[in-house]
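The sequence lines fix the lettering, A, B, ..., with proteins before strands; numbering per chain opens at 1. Just so it is clear, the model here is predicted, and its values are computed rather than measured.
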Number of protein chains: 4
Amino acid sequence: MSPLNRQQQLDQIRDERREQIKQAALKMFACRGYTGTKTSMIAKEASISEGLIYRYFNSKEELFITLVQELMEEARSELENVGFLPGTPFEQIRTLTINILDEDNIHAFMLMERARKADDVPEKVTQIFEGVSTNVLIEPIIPIFVKGQQSGEFSPGEPRRILSWYFTIINSLLTQEEMDEEYGLPDVDVLMRILTK
Amino acid sequence: MSPLNRQQQLDQIRDERREQIKQAALKMFACRGYTGTKTSMIAKEASISEGLIYRYFNSKEELFITLVQELMEEARSELENVGFLPGTPFEQIRTLTINILDEDNIHAFMLMERARKADDVPEKVTQIFEGVSTNVLIEPIIPIFVKGQQSGEFSPGEPRRILSWYFTIINSLLTQEEMDEEYGLPDVDVLMRILTK
Amino acid sequence: MSPLNRQQQLDQIRDERREQIKQAALKMFACRGYTGTKTSMIAKEASISEGLIYRYFNSKEELFITLVQELMEEARSELENVGFLPGTPFEQIRTLTINILDEDNIHAFMLMERARKADDVPEKVTQIFEGVSTNVLIEPIIPIFVKGQQSGEFSPGEPRRILSWYFTIINSLLTQEEMDEEYGLPDVDVLMRILTK
Amino acid sequence: MSPLNRQQQLDQIRDERREQIKQAALKMFACRGYTGTKTSMIAKEASISEGLIYRYFNSKEELFITLVQELMEEARSELENVGFLPGTPFEQIRTLTINILDEDNIHAFMLMERARKADDVPEKVTQIFEGVSTNVLIEPIIPIFVKGQQSGEFSPGEPRRILSWYFTIINSLLTQEEMDEEYGLPDVDVLMRILTK
DNA sequence: CATGAATGAGATTTCATTCAT
DNA sequence: TATGAATGAAATCTCATTCAT
């Protein structure tokens with residue numbers, strides 16, 4: 001094997017390990033919060049030794065911040081792409097909603113919820129959310145919503161306000177695991193009625 | 001001072017202290033979660049020494065459990081009394097909603113939310129919520145809602161399901177502090193529309 | 001009531017209280033050792049408030065030391081008086097043995113045992129026992145024992161050594177509560193045989 | 001190093017550490033009792049950090065209970081093996097006595113004494129001693145003693161009673177450190193006379 | 001790179017002592 | 001004098017992080 005390939009292989013292992021740790025941390029932080037998650041739990045969830053975390057992240061804090069930042073970036077990216085989805089404004093936002101409700105996202109959303117609302121997170125995370133409030137995330141959706149209002153697909157009213165509530169509600173539904181057992185998540189089209197009616 | 005008065009006075013001091021500690025703990029647990037709240041913070045918030053907490057509660061865990069149980073009891077009691085409020089079913093549930101949205105309740109609701117959803121709480125708290133699910137709490141409201149449906153005040157549909165979503169949404173709105181700054185909580189009557197359609 | 005009597009009365013109350021505390025402390029220290037006894041237990045045993053102990057003793061340590069010193073003094077006094085008891089040397093030591101085996105002494109003996117053997121006692125107590133070793137206590141008995149040897153009542157052998165073992169054994173029997181249930185303490189005359197052979 | 005060896009090596013380290021902690025704890029508990037022994041002392045005696053104790057034992061209490069149980073088991077085992085020692089009943093019990101008087105056992109005996117007599121020990125330890133009283137330990141020796149009585153090696157009398165006293169006395173002598181300085185422990189053969197005479 | 005034993009700073013809890021009443 | 005609520009120093013215990021292997 002050439003030295004180059006050797007290096008590539010190592011890099012790949014590193015990337016995989018890093019991802020593995022992040023996934024485990026995401027799950028644990030989502031379920032137990034920042035202080036409630038012990039590094040030993042993350043290691044166990046990731047099936048690695050406790051010490052190994054520190055070869056990929058300088059500290060529990062850095063791991064948490066990294067997660068929040070990356071999830072934030074993903075969310076931002078997802079929202080910015082809505083305008084490029086096919087279909088009418090209604091169909092674009094409907095697709096976005098479906099994507100968000102995907103259960104693979106559940107831990108990500110729970111983590112973000114907690115990170116934003118809880119006071120027991122690193123200073124820097126608080127700052128991230130101060131700088132980038134929910135409303136900033138909503139920003140790229142506003143013109144789309146307005147277009148839908150003009151075409152009559154959406155009900156009239158202050159766009160930012162309506163969208164803010166809409167995402168708040170989706171968020172809260174996502175993190176209400178308990179509901180699943182009885183009724184599951186509400187149908188997408190029921191939710192869309194919040195915007196149309 | 002007579003011995004009787006002396007004893008009464010001591011009892012009163014104990015009651016006040018206990019209440020003081022519970023209030024401080026409620027606030028801290030609500031904002032920072034169970035593991036994120038250090039006993040030193042509770043003591044500081046209550047302006048007492050750390051040791052004193054332990055003359056009133058055997059442990060941080062017991063303090064937390066006590067809070068959850070008492071809040072649960074209050075909630076149950078509040079919901080059971082709705083039927084005895086004056087007015088039509090619509091007015092009764094409207095009054096309940098106003099009571100819930102009262103900002104004095106904010107910490108109580110946040111604490112309950114976290115206690116129910118987080119995995120970093122004492123075993124016993126998990127059990128409390130397993131035994132008494134949200135649906136049990138909703139139970140006493142159902143007949144009232146049905147009466148409202150019959151009189152045409154409320155929209156048709158499966159009562160338990162509609163009410164479950166209704167309270168989920170109220171819950172989530174209450175715990176979204178961030179919104180306050182921009183738009184505050186939605187008006188009661190806007191929320192009631194979820195039930196009336 | 002005259003001022004003098006008033007004063008006397010107060011003094012008497014003080015003495016009684018002090019005695020009450022000492023008795024309670026003796027029992028607790030005997031059963032649970034120095035560090036194992038909490039001042040709150042002593043207070044409870046004496047049926048007084050926790051704070052009151054400190055109006056009679058400056059500290060738990062002082063209370064303990066006082067007890068040890070007084071018990072030591074009593075023991076010394078008891079042993080010094082043996083020579084003035086009526087009867088032959090055998091009868092004198094027999095009477096002493098009966099007095100020691102009195103069950104009212106059990107706590108006193110247990111306390112002394114622990115105070116002497118345990119390392120978790122105040123420095124000063126250790127010093128007391130260094131200064132006044134068991135052998136010093138035995139000293140006044142030696143001439144009596146020797147007289148008994150000369151008269152043939154006791155078996156020959158080095159007096160200090162024989163007496164040292166004798167008291168060690170009595171001590172140990174006294175503190176073996178468990179035995180009571182099955183066989184009680186050995187009969188005085190059985191014990192005396194250790195000396196007579 | 002092969003993975004197998006690596007695992008063996010780690011196991012060995014764990015065993016050694018555990019033993020090291022138990023030895024240190026044994027010494028401290030023996031000298032200072034349960035409450036009188038601080039975990040910091042155990043750590044210092046074992047030359048490890050305080051925290052490490054808790055990777056091997058869940059609590060100071062568990063450490064203490066473990067020690068008592070294991071010592072109890074050893075004692076039981078030792079006593080049960082007496083019948084298989086070579087020689088006559090007299091020689092068997094003589095060998096047992098020598099083994100007990102071994103100064104390596106001193107801490108073990110002191111710890112057991114304290115654990116049995118003191119009231120400041122964990123509940124569970126009290127239960128252990130309730131379940132397995134001294135007499136139960138003596139049980140396997142009784143037939144041996146009876147055989148010795150029949151052969152005339154031992155003096156007549158109720159075996160359980162005589163043996164109970166015998167071990168009580170040996171116990172007490174073992175824990176009388178003070179004696180060492182002056183006369184040391186009595187000779188085995190002197191002690192055996194308690195049984196023969 | 002990977003492990004997990006070990007550390008030590010910090011959290012929870014206890015309890016001798018003080019102090020307002 | 002007597003009480004018991006309150007304190008704070010010290011004990012027990014936890015866990016993020018380091019380090020020898």
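Judged by distance alone, with hydrogens and angles left aside, the side-chain atoms of D:Arg116 form no donor-acceptor pair with the main-chain N or O of D:Phe129 at under 3.5 Å.
Nucleotides of DNA chain E nearest to C:Tyr54 and A:Ser47 differ in position, and the one nearer the 5' end is that of A:Ser47. When the nearest nucleotides of DNA chain F are assigned to B:Ser49 and C:Gly51 by heavy-atom distance, the more 5′-ward of the two goes with C:Gly51. Each of C:Thr39 and D:Ile48 was assigned the nucleotide of DNA chain E with the nearest heavy atom; the assignment lying further toward the 5' end belongs to D:Ile48. Each of A:Glu61 and B:Tyr56 was matched to the nucleotide of DNA chain F holding its nearest heavy atom; the match closer to the 5' end belongs to B:Tyr56.
Distance from the side chain of D:Lys60 is smallest to F:dC13 among F:dA16, F:dC13, F:dA6. Nearest to the side-chain atoms of A:Ile13 among the listed nucleotides F:dT17, F:dC13, E:dA2 stands E:dA2. Of all nucleotides listed (E:dT17, F:dT21, E:dT12), F:dT21 comes nearest to the side chain of D:Gln9. In the set E:dT13, F:dA6, F:dA16, F:dA6 carries the atom at the smallest distance from any side-chain atom of B:Arg55.
When side chains are defined from C-beta on, A:Lys124 counts as touching A:Gln69, because their heavy atoms get closer than 4.5 Å. Between D:Gln20 and D:Gln23, every side-chain heavy-atom pair lies at or beyond the 4.5 Å cut-off. A heavy-atom distance below 4.5 Å is not found between the side chains of A:Met110 and A:Phe29.
Residue-level contact check: B:Arg14 touches the backbone only, with heavy atoms under 4.0 Å from sugar-phosphate atoms and none from bases. Counting any heavy atom pair closer than 4.0 Å across all strands shown, B:Thr37 reaches sugar-phosphate atoms only and no base atom. Within the 4.0 angstrom heavy-atom criterion, only backbone atoms of the sugar-phosphate kind lie near B:Leu10; the bases stay farther away. Base engagement by C:Leu52 is indicated by at least one non-hydrogen atom pair under 4.0 Å involving a base atom.
Distances shorter than 4.0 Å separate none of the side-chain N or O atoms of B:Lys38 from OP1 or OP2 on E:dA11.
Across every strand in view, F:dA20 sits in a pair with E:dT3 that passes the Watson-Crick or G-U test at under 3.5 angstrom.
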